[in-house]
Number of protein chains: 2
Amino acid sequence: MLMPRKPTYDRDALIAKAKDIFWRQGWAGTSLKDLERELKLKPGSFYAAFGSKDALYALTMESYTQEGVARLKALAEKLGPKEALKAQPRLVIEAPKTPAKACMLAKTYAELKAKDHDLADQAAHHMAEMKECFADLFRKAQDAGEIGAGHDPDRLAARYQSDILGLRLSAEREDVDALEIAADIASDIDRL
Amino acid sequence: MLMPRKPTYDRDALIAKAKDIFWRQGWAGTSLKDLERELKLKPGSFYAAFGSKDALYALTMESYTQEGVARLKALAEKLGPKEALKAQPRLVIEAPKTPAKACMLAKTYAELKAKDHDLADQAAHHMAEMKECFADLFRKAQDAGEIGAGHDPDRLAARYQSDILGLRLSAEREDVDALEIAADIASDIDRL
DNA sequence: TATATACTTGAGCGATCACTCAAGAAACCC
DNA sequence: GGGTTTCTTGAGTGATCGCTCAAGTATATA
């Protein structure tokens with residue numbers, strides 16, 4: 001039995017790179033040519049590595065969600081649930097090296113839902129995952145007595161996520177002061 | 001001087017039809033074939049009538065914005081500024097015959113901004129127009145003493161519009177009760 | 001009715017789409 | 001080093017993209 005050459009590329013690094021491109025340009029807005037150029041992969045290697053454009057897109061959404069969840073949980077570990085929820089809006093629009101302000105999952109869902117594309121379902125699933133994280137934090141904040149016990153954490157999470165999605169889209173506009181909106185979202189949490 | 005045959009189609013009706021398709025499917029998601037089939041126009045007639053896909057898209061955004069502004073102003077005429085702002089979230093997601101819940105301008109902006117496409121600038125301009133409408137209503141509500149005088153109407157408008165954009169995107173999801181979010185947005189206005 | 005003019009039609013343009021595959025290059029075990 | 005296997009390469013696939021244009025058709029005036 002023989003073990004010949006291994007790939008010269010770092011698969012995870014390529015996924016991270018592809019995520020940036022897809023996030024910025026969307027699904028239809030990103031061509032194989034774009035990916036081949038940025039990932040420095042010829043078509044044959046690309047398809048050997050990932051199978052298809054859609055398969056790679058799915059991997060990037062997976063990575064995007066996993067990172068988002070991890071970042072939020074780390075923040076809650078550091079600040080506590082309520083302060084994490086208050087800090088998140090500002091952090092998300094101030095993150096310096098992201099390819100876009102708007103949420104990649106929301107962009108994907110909006111672009112592909114009408115086509116009944118599998119990637120739209122996957123984006124929806126990942127958004128539900130994020131929403132459950134928010135609900136967890138609201139629950140923990142309630143348990144800690146940081147916010148009133150009278151609220152439904154799932155409802156708070158849905159509203160919060162909706163606000164964040166709006167905020168992140170607003171943050172791409174030049175005629176909107178997204179920091180003000182982020183501050184207002186944070187102060188809403190103090191009123192719970 | 002001679003005046004030969006007139007077009008057999010109703011131009012405004014075609015724009016309305018195209019608006020539904022673009023709104024639902026987006027810019028890249030709508031092909032000339034789609035438009036030709038739905039508008040029952042052969043390529044030659046299409047280009048004689050509208051010049052290009054992008055030109056027609058611009059016309060549909062114009063119409064979309066004009067209708068939105070008119071609907072909001074009529075609502076304010078009927079209910080007064082504060083009640084109009086409170087009613088708008090629910091009405092926008094309950095509108096029965098729209099091709100999508102999400103805002104067409106936001107979808108267009110999100111899809112095309114990274115490309116620096118002209119249509120993204122136009123979408124941004126129309127969103128600013130809508131935001132100014134919201135600010136007007138907040139100003140009028142303040143003048144009428146319906147909400148506190150301490151708030152900046154432009155800031156309220158930016159937050160309100162951001163919330164609406166999030167709400168409308170959330171309304172496309174199956175795991176979110178958008179009516180609850182709409183109610184929460186409306187009740188926020190009562191706290192001003 | 002003859003004629004001028006605009007509208008309608010649809011084949012087809014070059015470009016680009018996602019993707020394939022056969023051939024050459026490189027790295028591993030023996 | 002020889003042999004084997006996988007990776008890399010890039011020309012090329014058919015399909016579809018937005019769009020053009022010449023020919024045919026219908027409608028107006030004269």
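A note on names: the letters A, B, ... follow the listed sequences, proteins ahead of strands, and every chain is numbered from 1. Remember, predicted model here, so these are calculated numbers, not experimental data. Quick note: numbers below take in every heavy atom, side chains included, and nothing from hydrogens, waters or symmetry partners.
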Exercise for the section: Write out all pairs satisfying ring pair (Phe, Tyr, Trp, His ring centres under 6.0 Å) with one or both partners inside residues 169-192 of chain B, taking only residues at least two apart or from two chains. Expected result: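 Output for this query is empty, none listed.
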Exercise for the section: Using the ring pair (Phe, Tyr, Trp, His ring centres under 6.0 Å) rule, collect all pairs that involve residues 135-189 of chain A, keeping only residues at least two apart or in two chains. Expected result: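 Of all non-adjacent pairs touching residues 135-189 of chain A, those that pass ring pair (Phe, Tyr, Trp, His ring centres under 6.0 Å) are A:F134-A:Y160, A:F138-A:Y160.
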Handout entry: Summary of protein contacts for nucleotides 16-21 of chain C, nucleotide by nucleotide, where a base hit scores B, a sugar-phosphate-only hit scores S (4.0 Å, heavy atoms)
Key = -SSBBB
Practice task
For B:K40 and C:dG10, give me the distance from atom NZ to atom P, rounded to whole Å.
Solution key: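 Rounding to the nearest Å, NZ of B:K40 and P of C:dG10 are 15 Å apart.
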Exercise for the section: Rounded to the nearest angstrom, tell me the gap between atom NZ in B:K42 and atom C1' in D:dA22. Expected result: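 From B:K42 NZ to D:dA22 C1': 17 Å.
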Problem - Pairs where residues 14-28 of chain A contributes a residue and the test salt bridge (charged side-chain N to carboxylate O under 4.0 Å, His left out) is met, not counting sequence neighbours - result: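 Sorted pair list: A:K19-A:E67.
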Exercise for the section: Check for a donor-acceptor pair, side chain of B:S63 on one end and backbone N or O of B:L59 on the other, with a separation under 3.5 Å. Expected result: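 Side chain of B:S63 to backbone of B:L59, a donor-acceptor pair under 3.5 Å: no, none is there.
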Kindly list each side-chain donor-acceptor pair under 3.5 angstrom involving residues 76-85 of chain A, sequence neighbours excluded, with atom names and distances?
| from | atom 1 | to | atom 2 | distance (Å) |
| --- | --- | --- | --- | --- |
| A:K82 | NZ | A:E146 | O | 3.3 |
| A:K82 | NZ | A:D190 | OD1 | 3.3 |

Handout entry: Proximity to DNA chain C (any heavy atom under 4.0 Å), residues of residues 9-22 of chain A only
Key =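 Going residue by residue through residues 9-22 of chain A, none turns out to have a heavy atom under 4.0 Å of DNA chain C.
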Practice task
Could you list the residues that satisfy side-chain hydrogen bond (donor to acceptor under 3.5 Å, both in side chains) with B:D175, not counting sequence neighbours?
Solution key: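 B:D175: side-chain hydrogen bond (donor to acceptor under 3.5 Å, both in side chains) contacts with A:K131, B:R173.
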Practice task
List for me each residue that meets ring pair (Phe, Tyr, Trp, His ring centres under 6.0 Å) alongside A:H117, sequence neighbours excluded, and say none if there are none.
Solution key: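 A:H117: ring pair (Phe, Tyr, Trp, His ring centres under 6.0 Å) contacts with A:W27.
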Handout entry: Listed partners of A:E172 passing side chain to side chain contact (heavy atoms under 4.5 Å, CB included), at least two apart
Key =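 Here the qualifying residues are A:A100, A:K101, A:A102, B:Y109, B:K113.
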